[in-house]
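These numbers were taken from a predicted model, which means no experiment stands behind them. All values below come from the heavy atoms of this structure, side chains included, with hydrogens, waters and symmetry mates left out.
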Amino acid sequence: YKQSGTAPIGSGTENNVSKGDKLVLNAKAATKSGYVFSKYELKGLKATTTENVYEVVGDGEAKELSAVAVFTKNTYKLTIDANTEHGQYTVINKADNKEVTNGAILPYGTELEVKATPEEGYTPRVILNKNESKKTTPDNGVYTFTGLKITTTSTLQILFDKTKEYALKVQCLEGYNLKLNGTNYV
């Protein structure tokens with residue numbers, strides 16, 4: 001809108017302004033969109049010393065004005081908290097299929113995939129920002145975790161838990177037969 005307080009100038013509308021007029025521009029990204037306002041690409045306008053105020057300077061003979069708001073994706077740091085004592089893991093950026101390492105700076109909305117290979121007797125768990133990923137079924141000993149999306153500064157935990165083992169003691173009662181996996185025990 002014109003700084004003098006007249007009616008707002010809408011996007012895509014034609015309005016008459018004169019050289020030397022001052023315009024106030026405001027651009028904001030939608031809440032939780034993952035974007036932040038970066039700058040204006042200006043034609044026929046120049047910034048003044050007052051924030052968000054631009055002066056009409058014209059642009060040659062065409063006398064066209066334009067202000068295009070440029071937004072950039074927010075970026076966030078990823079901390080990977082993992083121990084490879086009982087398994088190996090790889091974190092992949094699904095957008096480019098490249099490996100992601102601890103401390104990586106990732107854009108909002110980046111989807112990650114974790115491939116974890118535990119040692120025998122261990123099972124992997126993956127936790128992103130205190131939310132545990134769904135359990136998966138291994139394929140040739142490799143567990144794949146998906147649905148991990150970066151929307152803030154994040155901590156990714158990769159844990160290898162000892163698989164619980166139980167001993168079963170069976171005592172046969174007189175008069176009964178015990179059959180286990182096709183073998184009879186008397």
Side-chain angles (χ1 to χ4, degrees), residues 1 3 8-13 22-43 45-54 65-164:
Y1 61 89
Q3 195 174 19
I9 299 172
S11 174
T13 62
K22 296 201 174 26
L23 304 177
V24 177
L25 304 178
N26 286 308
K28 291 183 181 180
T31 305
K32 295 187 179 184
S33 68
Y35 286 85
V36 63
F37 172 73
S38 174
K39 64 180 181 179
Y40 287 109
E41 291 178 352
L42 302 171
K43 186 174 184 181
L45 297 166
K46 75 172 184 180
T48 66
T49 56
T50 306
E51 187 177 355
N52 295 331
V53 177
Y54 298 84
L65 300 177
S66 70
V68 177
V70 177
F71 294 86
T72 57
K73 275 191 173 186
N74 288 327
T75 57
Y76 302 102
K77 181 178 180 182
L78 175 66
T79 300
I80 299 175
D81 178 11
N83 184 335
T84 57
E85 185 177 346
H86 298 292
Q88 302 294 322
Y89 69 90
T90 305
V91 180
I92 303 293
N93 180 336
K94 298 266 296 181
D96 60 12
N97 287 322
K98 291 186 178 176
E99 186 171 353
V100 176
T101 57
N102 185 36
I105 304 299
L106 301 169
Y108 177 91
T110 299
E111 289 192 38
L112 302 175
E113 176 180 272
V114 174
K115 292 190 177 286
T117 308
E119 291 178 352
E120 189 173 330
Y122 289 84
T123 304
R125 277 190 306 139
V126 172
I127 303 168
L128 179 64
N129 297 330
K130 300 181 182 180
N131 294 313
E132 189 161 346
S133 187
K134 292 180 182 174
K135 300 248 185 260
T136 67
T137 304
D139 182 17
N140 291 323
V142 178
Y143 292 75
T144 301
F145 297 87
T146 58
L148 306 164
K149 194 176 210 177
I150 301 300
T151 58
T152 187
T153 298
S154 299
T155 299
L156 178 66
Q157 294 177 287
I158 304 166
L159 309 168
F160 294 96
D161 298 327
K162 179 104 173 112
T163 304
K164 294 179 181 171

Subject >> Passing candidate, side-chain contact (heavy atoms from CB on, under 4.5 Å) with Tyr89, options Thr117, Ile80, Val142 >> reply: Ile80
Original post:
Listed by chain and number, what are the side chain to side chain contact (heavy atoms under 4.5 Å, CB included) partners of Asn83, not counting sequence neighbours?
Top reply: Glu85
Subject >> Residues forming a side chain to side chain donor-acceptor pair (under 3.5 Å) with Asn102, sequence neighbours excluded >> reply: none
Original post:
Do side-chain atoms of Ser154 reach the backbone of Thr152 as a donor and acceptor pair under 3.5 angstrom?
Top reply: yes
Subject >> Glu113 side chain reached by Leu148 side chain, heavy atoms, under 4.5 Å >> reply: no
Original post:
Which atom names give the shortest non-hydrogen contact between Leu42 and Ala67, and what distance separates them?
Top reply: CD2-CB, 3.8 Å
**OP:** Mind jotting down which residue pairs meet the side chain to side chain donor-acceptor pair (under 3.5 Å) criterion with at least one end in residues 65-74? Sequence neighbours excluded, please.
**Re:** Asn74-Tyr76
Original post:
Closest heavy-atom contact between Tyr54 and Leu45?
Top reply: CB-CB, 4.3 Å
Subject >> CG on Leu23 to CG on Leu65, rounded to 0.5 Å >> reply: 7.0 Å
Subject >> Thr123 side, atom OG1; Leu159 side, atom CG - distance, nearest 0.5 Å >> reply: 11.5 Å
**OP:** Carefully, step by step, assess Val126 and Gln157 under the rule side chain to side chain contact (heavy atoms under 4.5 Å, CB included).
**Re:** CA-CA 6 Å; Val126 172; Gln157 294 177 287; over 6 Å; no
**OP:** For side chain to side chain contact (heavy atoms under 4.5 Å, CB included), just list the numbers for Ile158 and Val114, CA-CA rounded to whole Å, side-chain angles, deciding distance to a tenth of an Å, and then say yes or no.
**Re:** CA-CA 9 Å; Ile158 304 166; Val114 174; 4.0 Å; yes
Original post:
Side chains of Ile150 and Leu78: closer than 4.5 Å at any heavy-atom pair?
Top reply: yes
Original post:
What residue pairs, at least two apart or across chains, pass salt bridge (charged side-chain N to carboxylate O under 4.0 Å, His left out) with a residue in residues 135-156?
Top reply: Glu132-Lys135
**OP:** Identify the heavy atoms of Gly141 and Pro118 that sit nearest to each other, and give their distance.
**Re:** O-CD, 3.6 Å
**OP:** Please test Leu106 against Thr75 for side chain to side chain contact (heavy atoms under 4.5 Å, CB included), starting from the C-alpha separation and ending with a verdict.
**Re:** CA-CA 5 Å; Leu106 301 169; Thr75 57; over 6 Å; no
**OP:** With sequence neighbours left out, write down each residue that passes side chain to side chain donor-acceptor pair (under 3.5 Å) with Thr144, or none if nothing qualifies.
**Re:** Lys115
**OP:** Measure the shortest side-chain to side-chain distance between Ile127 and Leu156 over non-hydrogen atoms and say whether it is less than 4.5 angstrom.
**Re:** no
**OP:** Would you name the heavy atoms of Thr48 and Lys22 that are closest together and state the gap between them?
**Re:** CG2-CE, 4.4 Å
**OP:** Kindly write out the residues that satisfy side chain to side chain contact (heavy atoms under 4.5 Å, CB included) with Ala27, not counting sequence neighbours, or none if the list is empty.
**Re:** Phe37, Tyr40, Ala69, Phe71
**OP:** Write out all pairs satisfying salt bridge (charged side-chain N to carboxylate O under 4.0 Å, His left out) with one or both partners inside residues 28-40, taking only residues at least two apart or from two chains.
**Re:** none
Subject >> Qualifying residues under side chain to side chain donor-acceptor pair (under 3.5 Å), relative to Thr84, sequence neighbours excluded >> reply: none
Subject >> With Lys134 via side chain to side chain contact (heavy atoms under 4.5 Å, CB included) - residues at least two apart >> reply: none
Original post:
Who are the side chain to side chain donor-acceptor pair (under 3.5 Å) partners of Asp81, not counting sequence neighbours?
Top reply: none
Original post:
Under a 4.5 Å cut-off applied to non-hydrogen side-chain atoms, are Leu25 and Asn52 in contact?
Top reply: no
Side-chain donor-acceptor contacts of residues 92-99 below 3.5 Å, not counting sequence neighbours, with atom names and distances?
from, atom 1, to, atom 2, distance (Å)
Asn93, OD1, Ala95, N, 2.9
Asp96, OD1, Lys98, N, 3.0

**OP:** Determine which pairs satisfy ring pair (Phe, Tyr, Trp, His ring centres under 6.0 Å) with at least one residue from residues 107-158, sequence neighbours left out, and list them in order.
**Re:** His86-Tyr122
**OP:** Say whether Thr79 and Thr155, considering side chains only, have a donor N or O and an acceptor N or O under 3.5 Å apart.
**Re:** no
**OP:** Measure the shortest side-chain to side-chain distance between Val70 and Glu41 over non-hydrogen atoms and say whether it is less than 4.5 angstrom.
**Re:** yes
Original post:
Does some side-chain heavy atom of Thr101 sit less than 4.5 Å from a side-chain heavy atom of Val91?
Top reply: no
